[in-house]
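Side chains are part of it too, since the values below use all heavy atoms of this structure and drop only hydrogens, waters and symmetry mates. Protein chains get the first letters and strands the later ones, always in sequence-line order, with residue 1 at the start of each. All of these numbers come straight from a predicted model, not from anything done at the bench.
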Amino acid sequence: MVENRHLQAGLSDEQVLEMYRIMLLARRVDERMWLLNRSGKIPFVVSCQGQEAAQVGAAFALNRENDYVLPYYRDLGVVLAFGMTARDLMLSSFAKAEDPNSGGRQMPGHFGQKKNRIVTGSSPVTTQVPHAVGIALAAKMEGKDIVSFVTFGEGSSNQGDFHEGANFAGVHKLPVILMCENNQYAISVPIEKQLACGKVSDRAIGYGMPGVTVDGNDPIEVYRVVKEAAERGRRGEGPSLIETVSYRLTPHSSDDDDSQYRSPDEVSEAKKIDPIITFGAYLKAMGIMDDQMEKKLNEEIMEVVNEATDYAENAPFANEDTLSKYVYAER
Amino acid sequence: MAVISYIDAVIMAMREEMERDSRVFVLGEDVGIKGGVFKATSGLYEQFGEQRVIDTPLAESAIAGVGIGAAMYGMRPIAEMQFADFIMPAINQIISEAAKIRYRSNNDWHCPIVIRAPYGGGVHGALYHSQSVEAIFANQPGLKIVMPSTPYDVKGLLKAAIRDDDPVLFFEHKRAYRLIKEEVPDDDYVLPIGKADVKREGEDVTVITYGLCVHFALQAAERLASDGVSVHILDLRTVYPLDQEAIMEAASKTGKVLLITEDNKEGSIISEVSAIIAENCLFDLDAPIMRLAGPDVPAMPYSPSLEKSFMVNPEKVEKALRDLVAY
């Protein structure tokens, strides 16, 4: 008998089903990008696979009408939950003019969409942590009930900007949620060569904030701790550090060969606890989803992904004469 | 209209903008109760409180990065780097982030931050309290770099920088802070970023420079005037992007050009000014372009003899001008 955990966490049946739908959409969009890359249609992919549960679980714990998110490059699940569409993501993958992230200027995975409060990001890692702190500071100055949510990898938790940003947020008791998506590899370098402490969350104490480590394959558990952190922030008690532990199921990117540094067995083991599978099984055990619903959901998602792919593939590139636009404000 | 110092103009500009717009706030090290190590934020903490004059932890990347986040949200932060020399830990935030936010988001986001920093030598500041750092940022489209020479320009340009919708680096010459005084209007005015200013009209030889060196040039010009030599002085005011039209006009006017910076010579702002003149004004020149700059050593030493040897001064400018006139 599987215990009903989502009701305990304050999530309805409809909400967990919607979480699963977005996780699956993220996975299917990601898989499509790999196919497009391997068939020579798009130059680059950087994946969310294996981290969808952490991303979507966290996003659902936030106020998706008000809060700000500063995603890192794997956060397909976060941005989809915050209102970006499969079509938007495909437009970015094909580097088309209509891409809302950057008009095709940035590589895929460099998210940004002001209308959904998804803050523009870059490639140098962890620069977004101080930005999240600045947004929380500004919102606090204006008396707005806003939490800023920022993610990064475990390798990135070594960057100065993580430490400088975390400390600033701690000193000023700002409503920031720092979530480290620990997928156990920074490209080829495993966690034991990245951290001298046992867990990324151990670093929280240095900045006067609580730090927790949770199973990143369990969206309900991630939801629970992010919800708690958000409430803490809204009460004026300051930032929190959350570490979600999962496994990167793909190579670092489409330009990486992970067989050079990890065994196929290790990857196969991780695939047995793939959150798409385990969360699907949970929903079935709860009677929220059956085989027929699952099939229908998959079909609907494939239709969305196909439509997005076709639309983006046929959309125009930016006109060459736009190269010099938007260096500075234009009047 | 009162006579005020360069640093008073800095304070006045920030105070007026903070009174005008509640989104304007100051953050940096020691900017609060102490009023800044140079007193450039003096009185602001008392007037606006600790919510808008924020003493930050000692971490420059966070000072810039937190400011950038607040700017993207819609505020108008003024971040202070205690010395320009200490801006280095924030370079990733300034160049990878602030400079590129508008461009990389295809105009969806923008970053209206001002980063102020005192720069420059001649104050016994040694290697790490004397540097000119503008050249590091002067090939980064998306940034604007303002380096005023006078209190009047400080006030008008700092107010313009705060109202600007893009990131502006505002470098203040620390030796000018209390040395340079002039009449500055009490009323609200702004000066255009990106426009150079003729500080002295002349016919025989042109000086193009910025910052404290403008005053060295003015002093040298006075000495030459008594010998009947008329010096034209163009103050760049904004060193990036450069006011190309004003540079070409000033160079062509006399056909003899002396370019001055107290930064290291190679790869400096005046190297680019020289290239603009060479590209556009070759046939208007009556002499090779001459440059007077700091030597290509890492930074200004502490020892008075070495510091003096590094720094530009009115005597060096006068000699260079006399050589150029005689060419």
Side-chain angles (χ1 to χ4, degrees), chain A residues 68 70 97 99-106 110 112-115 117-124 126-142 144 146 148 150 159-161 163-172 174 176 318 322 324-331, chain B residues 22-23 25 27 50-52 54-77 79 89-113 140-144 164-168 193-194 241:
Chain A
Y68 279 65
L70 297 95
D99 158 33
N101 297 278
S102 75
R105 290 177 171 193
Q106 293 223 71
H110 293 58
Q113 193 173 34
K114 197 169 194 177
K115 71 170 185 182
R117 299 161 323 287
I118 300 166
V119 181
T120 175
S122 65
S123 303
T126 335
T127 50
Q128 70 273 23
V129 171
H131 301 172
V133 178
I135 285 166
L137 176 73
K140 186 182 175 185
M141 288 169 84
E142 293 208 320
K144 296 273 173 63
I146 286 170
S148 72
V150 60
Q159 285 283 345
D161 272 352
H163 297 274
E164 293 196 15
N167 184 59
F168 196 116
V171 167
H172 288 272
L174 298 172
V176 185
T322 63
S324 298
K325 281 179 85 70
Y326 310 133
V327 178
Y328 300 102
E330 293 177 10
R331 291 170 215 294
Chain B
S22 64
R23 299 172 304 164
F25 71 99
L27 74 166
E50 64 177 357
Q51 296 292 322
R52 290 180 69 197
I54 303 172
D55 272 326
T56 65
L58 202 170
E60 285 80 6
S61 187
I63 295 171
V66 170
I68 288 166
M72 283 197 282
Y73 176 90
M75 305 300 274
R76 295 272 161 170
I91 283 183
N92 196 31
Q93 283 292 343
I94 296 168
I95 292 181
S96 302
E97 303 298 322
K100 296 177 175 63
I101 280 168
R102 185 186 294 280
Y103 191 80
R104 77 180 185 213
S105 69
N106 205 27
N107 210 31
D108 195 24
W109 293 89
H110 67 286
C111 183
I113 189 175
Q140 299 297 329
L143 293 181
K144 298 176 183 179
D164 200 280
D165 286 330
D166 290 301
V168 179
I193 293 174

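Side-chain contact check for B:V66 versus A:H131: every heavy-atom pair is 4.5 Å or farther apart.
No part of A:K140 comes within reach of chain B, as not one of its non-hydrogen atoms sits under 4.5 angstrom from that chain. For B:D166, the part lying near chain A is the side chain, with the backbone staying farther off; criterion is any non-hydrogen pair under 4.5 Å. Proximity to chain B involves both the backbone and the side chain of A:I135, based on heavy atoms less than 4.5 angstrom apart. A:H163 does not touch chain B: none of its heavy atoms, backbone or side chain, sits under 4.5 Å away. Heavy atoms closer than 4.5 Å to chain A are found in both the backbone and the side chain of B:N107.
Across all non-hydrogen atoms, the minimal contact from A:Y328 to B:G142 is OH-N, 3.2 Å. Heavy-atom minimum distance, A:S122 versus B:S96: CB-O, 4.3 Å. Across B:N106 and A:G103, no two heavy atoms sit closer than the pair ND2-CA, 3.5 Å.
For the set A:T127, A:N167, A:V133, the entry with the most heavy-atom pairs within less than 4.5 Å of chain B is A:T127. When B:L143, B:I63, B:I101 are compared by the number of non-hydrogen pairs under 4.5 Å with chain A, B:L143 comes out ahead. Comparing B:R52, B:R102, B:R104 by heavy-atom pairs within less than 4.5 Å of chain A, the highest count is held by B:R104. Ranked by heavy-atom pairs under 4.5 Å with chain B, the list A:V171, A:I118, A:V129, A:I146 is led by A:I118. Per-residue heavy-atom pair counts under 4.5 Å with chain B were compared for A:Q113, A:H110, A:E142, A:K114, and the maximum is reached by A:K114. Counting heavy-atom pairs under 4.5 Å between each of B:K144, B:E97, B:M75 and chain A puts B:E97 at the top. Counting heavy-atom pairs closer than 4.5 Å to chain A, the top residue among B:A99, B:P141, B:P167 is B:P141. Considering only heavy-atom pairs separated by less than 4.5 Å from chain B, the leading option among A:P100, A:S123, A:P124, A:S148 is A:P124. Ranked by non-hydrogen atom pairs under 4.5 Å with chain B, the options A:G134, A:G104, A:A139, A:A318 are led by A:G134.
By the 6.0 Å contact criterion, CD on A:E330 is enclosed, its count of non-hydrogen atoms from other residues, nucleotides or ligands being greater than 12.
Within the cation-pi definition used here (under 6.0 Å to the ring centroid, within 45° of the axis), A:R105 qualifies as a partner of B:Y103.
Note: B:D108 CG to A:K115 NZ = 9.5 Å, rounded to the nearest 0.5 Å. Atoms CH2 and OG, from B:W109 and A:S102 in turn, are 14.5 Å apart once rounded to the nearest 0.5 Å.
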From CA spacing to verdict: side-chain contact (heavy atoms from CB on, under 4.5 Å), A:T120, B:M72: CA-CA 9 Å; A:T120 175; B:M72 283 197 282; 3.9 Å; yes

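Proximity of the aromatic rings of A:Y68 and B:Y73 is defined here by a centroid distance below 6.0 angstrom, and this criterion is met.
Side-chain atoms of B:Q51 never come within 3.5 Å of backbone atoms of A:M141 as a donor-acceptor pair (strictly under, hydrogens ignored).
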